[in-house]
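Structure first, then comments.
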Amino acid sequence: MQIVENTNEGLKRAYTLTIAAGEIAARIDSEVKKIAPQVRMPGFRPGKVPANLVKKMHGEALHADVLNNTVRESVDELMKEKKLRPALQPRVELGEGYEEGKDAEVSVELEVLPEIVAPSVEGLKLERLTVAVSEAQVDEAVQNIASQQKSYKDAAKTKKAGEGDQLIIDFVGKLDGVEFEGGKAEGAPLVIGSGQFIPGFEDQLTGVKTGEEKTITVTFPEDYPAENLKGKEATFDITVQAVKVEAETKVDEDFAKQLGLESLDKLKELLRGQLEQETIGLTRTQMKRQLLDILAAGHDFAVPPSMVEAEFQQIWAQLQQEAAREEDPEAALKEIEDEKDDYKAIAERRVRLGLLLSEIGQANGVEVSQQEMRMLIQQAAQQYPAEQRERFLEYVQNEPMAQAQLRAPLYEDKVVDFLFDKAEVSEREVTREELEAAIEAEETTPAETKAPAKKAPAKKAPAKKAAAKDGEDKPAAKKAPAKKAPAKKPAAAKAEAGEAKAPAKKAPAKKPAAKKPAAKKAPAKKTADAE
């Protein structure tokens, strides 16, 4: 194989590889010899079919397979010989006009990872803000649970149902006067204002009394799951069995037992533990943000534009999704558009931090074990229907970049924990409000963005808002754009900084597209057709 370097500018590289026709032909002949003993052809004994006939029968498929493997191996050899560390999957193309019997010219274009000197991990100083959980917070948590455990009691028979009241109803749904399947129920509970049933259903029951009979007319939404009901107008004959009002939930031993616990003290103990875990998570968020800010302030090196663009597109897609859910989507979209440059700067910071953490981890022997990797893959596979899990596992096993994406969040956590262990950590006890305020203040440090701290709801993007677990700035993933991992459940757009997706050590040459499992679809809500 001959290698000609065409571009060497900054982090960009481009090469032309020439693979001799003789090498390809020799590989094809070798493959023919391998498969000849298994070929069956009328008139020949098993294993005795001449090689030239085998080649005539399977030559086209053999040539395509051999060429594909030869190109992949040649690109791998290029990476090894030139000591290249691709930022993303190289772009590999076979030259135009190639045909069997000619030399194959292959163009390879890529961006490489920058050379980074791993910084010293000595002398780091961090402050850990701790929060003590008070009895008042535990009591408030108990009351929150009580408020969610709503119970209802019968109202006076003269009571007219209003917002928040519960109805116990029988109903029969009809299309053009004919009862339809799934549109009938007896003793169905319905809280007015809950939005549990289709639009217009609950509104028409406001003001009904116990024992009242009423017929209402509603129109099923155009996106209703049942095909026979989409956009159809239907009537419902309704009998109100009872009107109930919300009853006060008394917090006592019986309340705890209703929740399956032995006592109220046990409930408080469990809630205290949950609150402590929450504050520990916030403390880690605050410490990690400190650490990332220290690293970001001390390092400024060129990063691959393709990685920055991939990270920015991920941020931008989530921002647009969140803006679309705002009361005024157009205004929200305009607001994020005005600060597009800020988000591009955040994407660049994330990529730089991801690369830096990767170098620190590699320089200090931080590893994700095979057992941990197997657990990560199995956990990811559980997000798919049973019939798709095998395909997902096969996909991940054949795609090093997909494995790198799964591995990255855990790897980053291990690097961060390593740095925490090395740091000189002082502690200061604060209130939860002070801890949250400290995190908010760190979200808008000059290194991260020049935008003001207070943001409109549309900007609750992972780029700037703290998440429930680890709200730290999330270093970027090293992704292969040509080979996207199968879609995940809705948590795909994550804000946790625990997902610093450090780059893989080696990006393989582009392979034929693997068959990927389809994205897991959310199941239709199982309710009566009136719901």
Side-chain angles (χ1 to χ4, degrees), residues 10-11 83-88 110-126 284-312 314-315 342-368 401 404-425 442-443 445-449 462-464 470-479 494-507:
L11 300 177
K83 298 180 180 179
L84 301 174
R85 298 194 305 162
L88 297 177
L110 69 154
E111 288 178 348
V112 296
L113 297 175
E115 292 296 327
I116 305 168
V117 177
S120 170
V121 297
E122 305 300 329
L124 278 173
K125 293 185 179 181
L126 299 171
R284 179 182 170 83
T285 295
Q286 170 263 330
M287 281 187 65
K288 186 172 179 181
R289 292 192 68 83
Q290 280 186 71
L291 175 64
L292 294 179
D293 283 343
I294 290 170
L295 293 175
H299 299 84
D300 185 15
F301 49 83
V303 292
S306 58
M307 290 184 72
V308 175
E309 180 61 21
E311 182 64 22
F312 170 73
Q314 186 179 36
I315 293 171
D342 288 336
Y343 291 111
K344 287 183 177 179
I346 291 169
E348 182 174 333
R349 168 185 158 108
R350 288 186 179 185
V351 171
R352 187 172 288 109
L353 285 169
L355 295 173
L356 189 57
L357 288 173
S358 176
E359 290 298 326
I360 292 171
Q362 291 181 42
N364 292 279
V366 178
E367 295 287 347
V368 173
M401 297 301 284
Q405 287 180 322
L406 290 174
R407 167 186 173 275
L410 177 59
Y411 184 77
E412 185 215 350
D413 275 341
K414 296 185 92 169
V415 175
V416 168
D417 286 337
F418 167 78
L419 292 172
F420 283 170
D421 289 341
K422 289 288 185 180
E424 179 184 327
V425 180
E442 288 169 354
E443 282 180 356
T445 57
E448 187 171 3
T449 176
K464 295 190 179 182
D470 289 329
E472 310 93 323
D473 195 21
K474 178 180 74 171
K478 182 178 181 183
K479 304 183 183 75
K494 298 172 184 168
E496 288 89 346
E499 305 200 16
K501 300 169 187 173
K505 292 182 182 177
K506 181 181 179 184

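In this chain, residues are counted from 1 in sequence order.
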Less than 4.5 Å apart, any side-chain heavy atom of [X] and any of [Y]?
{"X": "His299", "Y": "Ile116", "answer": "no"}
{"X": "Met287", "Y": "Val416", "answer": "no"}
{"X": "Pro304", "Y": "Leu355", "answer": "yes"}
{"X": "Val366", "Y": "Ile360", "answer": "no"}

Run the side-chain contact (heavy atoms from CB on, under 4.5 Å) test on Asp417 and Arg284 for me, step by step, so that the C-alpha distance in whole Å, both residues' side-chain angles and the decisive distance to 0.1 Å come before the verdict.
CA-CA 10 Å; Asp417 286 337; Arg284 179 182 170 83; 2.7 Å; yes

How long is the span from the [atom1] atom in [X] to the [atom2] atom in [Y], to the nearest 0.5 Å?
{"X": "Glu359", "Y": "Glu115", "atom1": "CD", "atom2": "CD", "answer": "7.5 Å"}
{"X": "Arg289", "Y": "Leu292", "atom1": "CZ", "atom2": "CG", "answer": "7.5 Å"}
{"X": "Leu419", "Y": "Lys414", "atom1": "CG", "atom2": "NZ", "answer": "14.0 Å"}
{"X": "Arg349", "Y": "Leu295", "atom1": "CZ", "atom2": "CG", "answer": "9.0 Å"}

Please determine whether side-chain contact (heavy atoms from CB on, under 4.5 Å) holds for the pair Val351 and Glu309, giving the CA-CA distance in whole Å, both sets of side-chain angles, and the decisive distance to 0.1 Å.
CA-CA 10 Å; Val351 171; Glu309 180 61 21; over 6 Å; no

Quick one: list whatever passes salt bridge (Lys or Arg N to Asp or Glu O under 4.0 Å) with Asp300, sequence neighbours left out.
Arg352

Specify the closest pair of heavy atoms between [X] and [Y], including all atoms of both residues, with the distance to one decimal.
{"X": "Ala296", "Y": "Leu353", "answer": "N-CD2, 3.9 Å"}
{"X": "Ser306", "Y": "Leu88", "answer": "OG-CD1, 3.5 Å"}
{"X": "Leu113", "Y": "Pro86", "answer": "CG-O, 4.0 Å"}

Ring pair (Phe, Tyr, Trp, His ring centres under 6.0 Å) with Phe418: which residues, sequence neighbours excluded?
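None.
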
By side chain to side chain contact (heavy atoms under 4.5 Å, CB included) - contacts of [X] (at least two apart):
{"X": "Glu122", "answer": "Ser120, Lys422"}
{"X": "Ile294", "answer": "Leu124, Leu126"}
{"X": "Pro305", "answer": "Glu111"}

Hey, which of Leu291, Val415, Val425 is the one that makes side-chain contact (heavy atoms from CB on, under 4.5 Å) with Phe420?
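So, applying the side-chain contact (heavy atoms from CB on, under 4.5 Å) to Phe420 and each of Leu291, Val415, Val425, only Leu291 qualifies.
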
Yes or no on salt bridge (charged side-chain N to carboxylate O under 4.0 Å, His left out) for Lys288 and Glu412, after CA distance, side-chain angles and deciding distance?
CA-CA 11 Å; Lys288 186 172 179 181; Glu412 185 215 350; 2.5 Å; yes

According to side-chain hydrogen bond (donor to acceptor under 3.5 Å, both in side chains), who are the partners of Asn364, at least two apart in sequence or on a separate chain?
none

With no hydrogens and no angle check, is any side-chain donor or acceptor of Lys344 less than 3.5 Å from a backbone partner on Phe312?
no

If only atom types and distance count, is the side chain of Arg85 paired as donor or acceptor with the main-chain N or O of Pro114 below 3.5 Å?
yes

